[in-house]
Each structure stands twice: as C-alpha cells, then as structure tokens.
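The structure appears right after this line, and notes come after that.
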Amino acid sequence: MTLSRPRREEMTEAKSARNAAAERYRPQAIEKKWQQKWLADGLYDTDLNAEQRFYLLTMLPYTSGDLHVGHWYPMAPSDAVARYHRMRGYEVFYPIGFDAFGLPAENAAIKQGIHPHKWTYANIDRMRRQLKSIGAMFDWNSEVITSDPEYYRWNQWFFLKFFEKGLAYRAMAPVNWCPSCQTVLANEQVLPNGTCERCGTPVVHRDLEQWFLKTTAYAEELLDFSKMDWPAQITTMQRNWIGRSDGVKVAFALDTPGVQQKEIPVFTTRPDTIFGVTFMVLAPEHPLVPQITTADREAEVEAYVERARKQTEIERLSIEREKTGVFTGGFCRNLLSGEDVPIWIADYALLWYGTGAVMGVPAHDQRDYEFAKKYGLPIPVVIAPPDWDGGQLQQSHVGPGTMVNSGQFDGLRNEEGKRAIAEFIEEKGWGKRTVSYRLRDYLISRQRYWGTPIPMVHCPKDGIVPVPEDQLPVLLPKDAEFKPTGDSPLARHEAFVNTTCPKCGGPAKRETDTMDTFMDSNWYFIRYLSPHYDRGPVDPELARRWLPVDQYTGGAEHAVMHLLYARFFWKAIRDMGLVEGAEPFLRLFNQGQILGPDGQRMSKSRGNVVAPDEQVEHYGADAFRLYLMFIGPWDQGGPFGLEGISGIERWLNRVWNLVQSEPSFAEDSSPELRHIIHKTIRRVTEDIEHFRFNTLIAALMEMTNEMTDLRDSGRVERQAWSEAVECLLLMLAPLAPHIAEELWERTDRPYSVHAQMWPLWDDGLAREEQLTLVVQVNGKVRDRIEVPAGIEEARAKELALASPSVRKHLDSANIQRVVYVPGKLVNFVVDASSG
RNA sequence: GCCGGGGUGGCGGAACGGUAGACGCCGCGGACUUAAAAUCCGCUGUCCGCAAGGGCGUGUGGGUUCGAAUCCCGCCCCCGGCACCA
C-alpha cells in the first residue's frame with residue numbers, strides 16, 4: 001500500500017509549519033561551540049605512534065599580520081583533504097606553524113618603531129586566532145615558530161654540519177645588492193626587471209664575502225624527479241632552472257709574456273664549431289683581464305669594466321641586448337686550427353657560468369654574430385646549412401649541417417663532428433667533456449638583524465672557526481639597533497660581536513650576518529614532529545616513522561626557490577644519515593593564486609585585500625570554506641568576488657532544513673534514493689581524491705536537490721532516507737565540519753561525525769538503470785529516448801527509428817550507415833540529398 | 001624570443017571524441033506577506049516563430065571524423081615562468 005501523494009499546496013503548508021518550528025541555522029553559535037569542544041576533547045591531537053599514517057602538509061604562512069583570503073584559499077581545501085583521510089582510517093598528521101623571520105618584520109619595525117620580535121609575536125597571536133576560526137583540524141601541539149631559539153638553534157646546528165661536509169663555504173662574489181633593504185639578495189629574489197622582489201628598488205652589484213650553500217653539488221640528483229609525484233609544470237620549471245648542458249671544456253693557448261696562466265679554458269656545447277672561432281670573449285670581471293690587456297687598450301678596458309660593474313640590473317637589461325665590448329689587445333691560440341684569436345671583453349659573457357669565457361663563433365651563434373657584425377670581425381662558415389650557396393650568411397646558422405673549413409673534420413655531419421672533435425680534444429689532452437649547470441650555489445648571508453645568526457667566529461689567529469655545538473644557540477640579542485646601514489645591525493652590537501675563539505681562547509669576533517629565511521622553510525616540516533625535542537633537530541624515531549611527507553600542498557610561486565632548496569637540503573641531510581628516502585615531499589599539489597576582485601595580486605598597498613573575518617562573522621566559517629572550494633578548480637585560482645556566496649549560504653540552509661525534516665515515508669523501498677546516494681558517494685570520493693572540490697560540492701547540491709524532490713513527492717522509505725541523511729552528513733563533514741557535526745548530533749547520531757568512516761559506494765546501486773539515448777541524423781540531435789541500461793543494439797536502433805521526430809529527417813531508403821554507441825547514441829547517416 | 005597554462009551564457013564555472021552550458025550567481029515571473037526581507041515554485045545561450053519546430057553557437061581560420069569545446073595544423077589574445085646560460 002502506498003500513501004496518496006499530497007497535493008503541492010498541502011506540502012508547502014506542512015513544510016513551512018515544520019520550518020517555523022525548527023530552529024534556524026545560526027553558524028556563529030554552532031561554530032564556536034564545536035571548535036571549543038573539539039579542542040577540549042583533543043579530537044585532532046595526532047597519535048604519532050599510530051600504524052596507518054598520513055602526513056599532510058600545507059605551506060606555513062609568513063607572519064605578515066592579518067590573514068586574508070589568500071591564506072584561506074590554500075588551507076580550507078587542504079583541511080578537507082586531511083579530514084577525508086582521517087575518515088578513511090588514517091592517523092593524519094596535519095600541522096601548522098609560522099614562518100617568522102625575515103625582512104618585512106624588520107622593515108615594519110623600522111617604519112613603526114616596534115621591535116621585530118614584538119611585531120612578529122603579536123602577529124602570530126592574531127593569526128593563530130584567525131586560523132582557529134577556519135575550523136581546521138591542525139594539530140596545535142606541533143606548532144613551530146621559526147624565530148624561536150629552540151627552532152633556529154637547529155638551523156645553526158645544520159649549518160655547522162654543512163660546514164663540516166664542505167657544503168657551506170665563504171667566498172667573495174659579486175652579489176645582488178638592494179640599496180633600500182641594505183642587504184644582499186639571492187638571484188631568485190631579484191625580479192626579471194632587475195628590481196628587488198620586496199621593495200622594487202633597482203638592484204646593483206657589489207663584491208662581498210658571503211656564505212653559500214653548495215646546492216650545485218646536488219644539481220644532478222635534483223634533476224631526477226622519478227621518486228616523486230609532482231605536477232609536470234613544477235618539475236619542468238626546476239629542470240629549466242637547474243639548466244644542465246652537456247659540452248666540452250677546451251683550452252685556448254695563452255702565451256703572454258709575464259702572465260703565468262698558459263691557457264684560457266672555455267666551455268662550449270658546440271665543439272663542432274670550433275674551427276669557426278674568430279674571437280674570444282671574457283666576462284668583464286674575469287681575473288685574466290688586467291693581465292692580458294695591453295698598455296694601449298688599458299684605459300678603454302678599465303672604463304668598460306668599471307661601467308659593467310656599476311650597472312644596475314635595470315640598466316643592463318634596458319640596453320636591450322645591444323652587444324657591447326672592448327678589445328683587450330691580447331691574443332690566444334685556437335689549438336685545433338692553430339689560428340691566433342683576439343681576446344675581447346663583453347658583458348654578455350657571465351663570470352659565473354661555465355668558465356667565464358666564451359669562444360666567439362659568429363657564424364653559428366646569434367650573440368656572437370651580432371657582436372662580430374658590430375665590431376667588424378670575420379664570420380667564417382664551418383657548418384654548411386643544407387641550401388648554402390657558399391657565400392656570407394645573413395644571420396647565424398644554429399641548426400644542423402655539414403662541416404666545412406674544419407680541417408680533417410670536413411664533410412662530417414655536425415652531430416658526428418661534435419663527438420669526433422670532443423674525442424680529439426680529449427686525446428690531445430686539451431680538454432674534456434663537461435656538464436655545466438645554470439643553477440648557482442645558494443647565497444644565504446643577509447646583512448640584517450631578524451634572522452638566524454650564522455654560528456661562526458672570526459679569529460685573527462685561527463681564521464674562521466665554527467661555534468661548538470654545545471654552545472648553540474647563538475642567541476639573537478634582543479637589544480640590537482636594527483636600523484639598516486649596509487652592515488648587519490649585529491656588527492654594531494659590541495656584546496654580541498666580541499667573543500673568544502673556541503679554538504685558541506683569544507679575543508675574536510662573531511660572524512654578524514644572519515641566514516636567509518629559506519633556511520627556515522627547508523626543514524620546518526621535519527621539526528613539526530617533535531618541536532621541543534632538544535637532543536637533535538628531530539626525534540629520530542618519529543622521523544623514521546613519519547617522513548617523508550605524503551602530500552604537500554602550496555603555491556606554485558615557490559617552484560624554484562623553496563621547493564628546490566628543500567629538496568637540496570633533504571638530500572644533504574639524508575647523506576648525513578638524518579633522514580631516509582630520496583625526496584622530502586612525495587606528492588605535491590599546487591593550488592592557484594587567489595587575486596583581488598580587480599584581478600591583481602592581493603596586497604595591502606593595492607588596497608584590494610579581502611579579509612575573511614567579517615565574511616566569517618556574517619556567513620560562517622563553513623559557508624566561507626565551501627565557497628572558496630566552490631568558485632572554481634583549486635589549481636586555477638583567479639579573482640575573488642563574493643557574488644556567489646549566497647548560493648552556498650542558501651544551500652547550507654536547505655541542508656539544515658532537509659536533514660531535520662520529517663518526511664511522510666512510503667513503504668516500498670526507494671530505489672531512486674538509493675541510486676542517488678551511491679552515485680553521489682562515488683562522484684564525491686573520486687573528486688576529493690583529485691582535489692576537484694568545485695564539482696564535488698555540485699554533486700552534493702544535486703543530491704540535496706534530488707532528496708528534496710523525492711521527499712516532497714512522497715517516494716522515500718524510512719531506512720533509505722536515514723541512509724541518505726547519514727551519507728550526506730558524512731560527505732559534508734570534511735568540507736563544512738561544524739554544520740555536519742551539529743546536524744549529526746541533532747539527528748541523534750553518536751559524537752563525533754569526524755570520527756566516522758567515510759561511506760563506501762555499491763557499484764550496482766551507483767550504476768544508472770535508465771539511460772537517455774541520443775538519436776542523431778547526420779550528427780544532428782533529433783530526439784532523446786529513455787531506455788533501460790542494458791538495452792540491446794538492435795532494440796535501441798529499432799526504438800530510435802520509431803521516433804517521429806527522427807523519421808521526419810529520414811528517408812529510410814537512404815540510410816547509409818548506423819552508428820551505435822552503447823548507452824550513448826544512435827546516429828543515422830543518410831546521404832546529403834535527403835538529410 | 002623560449003617553456004608551461006588558458007580563452008565556453010550577463011558572471012564563477014561543468015562536460016571518458018557522443019545531449020554544450022551540470023552546479024551556482026545575477027535577472028525575470030509567480031506563491032507566501034499589510035509590506036519588505038527571508039523562504040519556496042517556475043523560466044532564463046542566441047536568432048526566427050503565436051506555437052510546433054528550426055537555424056546559429058565553446059577566441060579565429062583550416063583539417064581529421066558518422067560526430068570535435070575535446071584530436072591535428074596555422075593565427076590572435078590573456079596569465080605564469082625563464083630570458084645574453086656559450
């Protein structure tokens with residue numbers, strides 16, 4: 001027996017009566033309540049001894065002050081993933097911390113007269129409160145603040161280990177200097193237009209003694225991406241950044257009276273063009289330059305060197321590739337051709353790449369060609385292009401060809417010539433095959449206050465002496481005068497600077513530079529495991545059990561800095577036996593960047609920052625979390641506008657009312673409802689596994705829409721309805737944890753929804769039973785017919801043919817072909833005249 | 001210049017080579033209300049048509065295919081990265 005269907009009007013009345021009775025959804029009240037309860041119950045404290053482990057890491061925020069939507073955008077979805085994995089039965093470690101050292105703290109302090117320490121820790125308090133309002137399941141017991149001595153002590157400890165292994169060294173180098181920040185910058189911190197990433201000031205070059213980490217020692221291993229599952233976009237960027245090129249290092253003979261050096265080594269990827277060398281280019285800063293410059297060229301050469309040195313990056317770039325250079329008056333000899341080659345200097349030769357010297361082959365390199373054209377140097381062809389007429393080239397020929405004017409190598413294809421000449425050079429002992437990398441060592445010295453002091457002592461007798469481990473940490477003095485002068489503020493702090501030499505006990509001075517903050521982010525995820533452990537950077541047992549990180553999520557803007565440095569750091573400390581495994585982050589997902597409503601990067605200076613606090617106050621954290629996940633694919637980012645959030649708000653209200661409503665139950669089983677439940681579980685599970693939150697939420701919305709329709713039409717059976725409500729709440733739980741918990745309780749289910757297992761779908765129930773078969777004539781849709789899922793081909797064609805709207809377009813005599821795609825469509829192909 | 005990613009309604013966005021526009025927002029109409037808000041119901045790519053129905057539609061021009069937003073080739077625009085790397 002079935003209940004008679006109530007008329008629509010009656011339903012509406014009944015429903016509004018119920019709604020009036022039910023308490024309205026008030027996110028503010030329930031969110032606060034549950035956050036407090038979860039915290040009190042330690043619901044998210046991780047059991048680090050658990051068997052089924054999952055380490056989910058989201059990039060830690062910099063302590064800039066207020067959290068804005070840009071912080072929520074990465075965190076809300078990653079929290080959903082953490083909660084999902086928990087429901088899958090994993091003990092999930094999902095920690096958070098603060099990247100607390102760095103220039104902005106110091107600059108803000110200078111501007112506002114607040115001590116960086118005070119500024120930073122006040123910001124942390126505020127951010128911690130905001131982070132908690134997200135309702136994320138962060139394990140606050142693991143919190144790490146990188147400016148705490150108990151953290152940076154281990155930066156210093158690692159630095160000593162690197163020094164011991166020769167991976168940290170001090171060298172004089174031309175460095176990027178920001179005149180406004182009064183500190184050196186890593187290459188990565190200089191924008192493509194030659195300005196400082198932080199303040200936009202044009203960067204200049206300076207020669208300074210600086211500390212470096214030897215990232216290049218791991219260049220080759222860093223090119224191996226096979227042990228990790230990362231977006232190709234990032235691995236490609238890293239590969240290009242490391243920039244491996246295979247070539248030959250070959251000597252050109254130097255025979256200048258009074259100069260000790262008897263050869264100039266150059267690196268080339270094109271040994272096949274070596275017979276085409278008509279000049280040599282040294283970088284202006286090359287140490288040989290003063291030695292080989294002849295008296296008559298001296299003035300001009302010195303002027304050029306001086307100019308190159310003083311140029312800001314902007315000036316260098318603004319000259320827009322116009323090649324300039326000066327002849328030194330010196331010559332070297334091409335050992336293969338026996339020819340004398342004039343030595344020039346030009347700023348297109350870079351001191352730090354290869355050997356700082358370039359062999360000029362104008363016919364087969366565009367830069368050399370432009371240079372030769374400008375200075376009237378000969379341009380002999382040695383690789384004949386396929387259609388070469390034997391004459392002068394109108395531009396350089398970089399492609400393949402046949403070797404000519406190359407002595408014994410004439411007639412070879414240049415690819416073979418490459419190998420042959422390389423072998424010849426090696427046989428003669430003039431050079432050997434080499435690999436060059438674009439990657440440079442990582443400059444970590446900063447002449448600023450708010451960072452980790454580099455634990456070294458300069459002794460007049462013993463030179464550079466490391467601070468013994470048992471004297472760590474070298475504390476950052478609180479009372480420093482941190483106004484920038486170009487020296488580290490620590491240099492003027494007498495009590496800090498003056499110390500005794502650990503070796504000889506005599507008076508000595510401390511290193512006053514601090515470490516760049518990338519040092520902090522290199523290993524914070526390791527420290528999370530045991531943030532207060534004091535016998536090492538990490539409890540070795542926990543490290544063994546939890547590392548590497550299973551899933552890392554964060555912004556793609558860190559592709560070649562943090563994400564590359566952290567890999568380097570990991571490999572280095574792995575070789576010291578501190579961690580195990582090839583890579584620190586097994587899987588990586590990059591969310592996109594959220595922009596201001598104007599489509600520009602969100603920043604206080606642009607005034608386009610959207611603060612989540614008032615949105616949370618108004619719509620609730622759940623709605624705001626959902627909205628961030630709903631606006632589009634997570635990896636895409638984009639401008640942020642609040643236009644659509646009312647849709648989420650309404651949906652949550654509907655869920656609130658739907659779940660608490662009392663349907664008039666039917667007695668026959670509800671196959672439609674069961675199908676919807678299982679279909680939705682499948683979609684949602686697959687979506688969350690692939691971080692597709694927008695379509696996931698759409699699937700849940702469809703489910704609630706269909707539940708509403710079925711309920712209102714009286715076609716739900718008690719048991720199925722209960723299952724539907726339960727599954728809906730379980731799937732909602734990772735996304736909107738508060739409302740899910742509240743409704744879970746209100747429907748008399750045992751605390752906590754977040755301790756439940758994720759629902760599983762039944763394939764049989766998830767499968768569609770009715771299909772819409774599309775009927776086309778010549779590829780145009782003419783009808784749609786409902787058929788059972790298992791329909792046979794013949795029957796499907798028969799039904800399709802019977803459709804009146806199809807018949808109109810058919811002259812059955814002219815059917816040339818029938819395309820049938822099971823479960824999808826029937827397409828009648830007729831000849832054009834009758835179609 | 002080179003390497004990625006992208007271009008779909010008024011908007012955010014869906015769509016294993018097979019119903020283009022799921023799910024939402026906005027807008028319009030209706031119910032409820034003294035009224036408004038909230039809520040609920042319906043419509044909503046575009047053009048022709050009273051309708052039934054049909055034409056056109058995924059940056060652009062070609063191609064492959066019974067069938068293309070999806071695959072291939074050329075071009076335009078936007079976003080990100082790299083940019084004298086020998």
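Chain A is the first sequence line, chain B the second, and so forth, proteins listed ahead of strands; every chain is numbered from 1. Side chains included, hydrogens not; waters and symmetry mates left out as well; all remaining heavy atoms used.
Residue W651(A) contributes atom CH2, which lies 18 Å from atom C1' of U39(B) at whole-angstrom precision. Nucleotide C40(B) holds its C1' atom 10 Å from the CG atom of D712(A), rounded to whole Å. In this entry the distance linking CD of Q233(A) with P of G5(B) reads 8 Å, nearest Å. Here the P atom of nucleotide G1(B) and the CD atom of Q395(A) are 14 Å apart, to the nearest Å. Rounded to whole angstrom, the span from the CE atom of M561(A) across to the C1' atom of G81(B) amounts to 11 Å. As a whole-Å value, the separation of R817(A) CZ from U65(B) P is 11 Å. Straight-line distance from the CG atom of D635(A) to the P atom of G4(B): 17 Å, rounded to whole Å. Atom CE in M237(A) sits roughly 12 Å away from atom P in G80(B) (whole-Å rounding).
You'll find that the side chain of R782(A) is closest to G54(B), out of A86(B), G54(B), C66(B). Of the listed nucleotides (A86(B), A15(B), C66(B)), C66(B) has the atom at the smallest distance from the side chain of V819(A). For F267(A), whose side chain is taken as the heavy atoms from C-beta onward, the closest listed nucleotide among U19(B), A86(B), C84(B) is A86(B). Distance from the side chain of L825(A) is smallest to G18(B) among C84(B), G12(B), G18(B). Among the nucleotides C82(B), G4(B), A86(B), the one closest to any side-chain atom of R438(A) is C82(B). Comparing atom distances between the N827(A) side chain and each of C84(B), A86(B), C66(B) picks out C66(B) as nearest. The listed nucleotides are G55(B), C40(B), U19(B); the one nearest the side chain of K780(A) is G55(B). The side chain of W241(A) has C82(B) as its nearest neighbour among C82(B), C23(B), C26(B). Checking C56(B), C3(B), G24(B) against the side-chain heavy atoms of N240(A) singles out C3(B) as nearest. Checking A86(B), G13(B), U19(B) against the side-chain heavy atoms of Q636(A) singles out G13(B) as nearest.
When each of N694(A) and T772(A) is assigned the nucleotide of RNA chain B bearing its nearest heavy atom, the one mapping closer to the 5' terminus is N694(A). Nearer the 5' end of RNA chain B, as judged by each residue's closest nucleotide, is the contact made by V821(A), out of V821(A) and G779(A).
Comparing the same atom, P, in C78(B) and in C73(B) gives a spacing of 23 Å after rounding to whole Å. On the C1' atoms, A31(B) is 14 Å away from A38(B), given to the nearest whole Å. Comparing the P positions of C77(B) and C84(B) gives an interatomic distance of 24 Å, to the nearest angstrom. G45(B) and G21(B) have their C1' atoms separated by 8 Å, given to the nearest Å. On the C1' atoms, G18(B) is 49 Å away from U33(B), given to the nearest whole Å. Separation of the P atoms belonging to C47(B) and G13(B) is 25 Å when rounded to the nearest angstrom. One P atom belongs to G6(B), the other to G55(B), and the distance between them is 33 Å to the nearest Å. Between A14(B) and C72(B), the distance separating the two C1' atoms is 25 Å to the nearest Å.
Across all strands shown, C56(B) forms a Watson-Crick or G-U wobble pair with G45(B), both key distances being under 3.5 Å. A 3.5 Å limit on both hydrogen-bonding distances identifies no Watson-Crick or G-U partner for A37(B). The pairing partner recorded for G12(B) is C23(B), the criterion being a Watson-Crick or G-U wobble arrangement whose two distances lie under 3.5 angstrom. With a cut-off of 3.5 Å on both Watson-Crick or G-U wobble distances, the partner of G4(B) is given as C79(B).
Using a 4.0 Å cut-off between a side-chain N of Lys or Arg and a carboxylate O of Asp or Glu, D246(A) and R244(A) qualify as a salt bridge. K797(A) and E793(A) are joined by a salt bridge, as a carboxylate oxygen and a charged side-chain nitrogen come within less than 4.0 angstrom of each other.
Counting non-hydrogen atoms under 4.0 angstrom, P639(A) reaches nothing in the nucleic acid. Within 4.0 Å (heavy atoms only), Y437(A) reaches no atom of the nucleic acid at all. Using a 4.0 Å heavy-atom cutoff across all strands shown, N653(A) reaches no nucleic acid atom at all. Contact annotation for S805(A): no contact, since no heavy-atom pair falls under 4.0 Å across all strands. Nucleic acid contact for V358(A): base, since at least one base atom lies under 4.0 Å from a heavy atom of the residue.
Phosphate contact (OP1/OP2 of A38(B), side-chain N/O of S646(A), threshold under 4.0 Å): absent. A close approach under 4.0 Å does not occur between any side-chain nitrogen or oxygen of N778(A) and OP1 or OP2 of G67(B). Taking 4.0 angstrom as the limit, R692(A) places none of its side-chain polar atoms (N or O) nearer than this to OP1 or OP2 of C23(B). For the pair K679(A) and A22(B), the criterion of a side-chain N or O lying under 4.0 Å from OP1 or OP2 is not met. Contact check, R650(A) against C25(B): a side-chain N or O comes under 4.0 Å of OP1 or OP2.
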| message | As a quick check of understanding, evaluate side-chain hydrogen bond (donor to acceptor under 3.5 Å, both in side chains) for Y348(A) and D368(A), giving each step before the final call. | response | CA-CA 10 Å; Y348(A) 80 88; D368(A) 298 345; 2.7 Å; yes
| said: Show, in sequence, the C-alpha distance, side-chain angles and deciding distance for W634(A) and F693(A), and conclude whether the ring pair (Phe, Tyr, Trp, His ring centres under 6.0 Å) test is met. | reply: CA-CA 7 Å; W634(A) 197 29; F693(A) 302 99; 5.5 Å; yes
| field | Stepwise salt bridge (charged side-chain N to carboxylate O under 4.0 Å, His left out) test for R692(A) and D687(A) | value | CA-CA 5 Å; R692(A) 294 186 300 237; D687(A) 277 351; 2.9 Å; yes
| task | Starting from the C-alpha separation in whole Å, work towards a yes-or-no answer on side-chain contact (heavy atoms from CB on, under 4.5 Å) for R567(A) and F225(A). | result | CA-CA 11 Å; R567(A) 291 181 63 218; F225(A) 302 105; 3.0 Å; yes
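Note on ring orientation: taking the six-membered ring where Trp is involved, the planes of F589(A) and F691(A) are tilted (angle from 30° to 60°).
The closest donor-acceptor contact from the side chain of R683(A) to the backbone of A698(A) lies at 3.5 Å or more, if one exists at all. A donor-acceptor pair under 3.5 Å links the side-chain atoms of Q28(A) to the main chain of H618(A), judged by distance alone.
Under the 90° criterion around 0 for the glycosidic angle, G9(B) counts as syn.
Between the side chain of Q776(A) and the base of G18(B) there is at least one donor-acceptor pair of N/O atoms closer than 3.5 Å.
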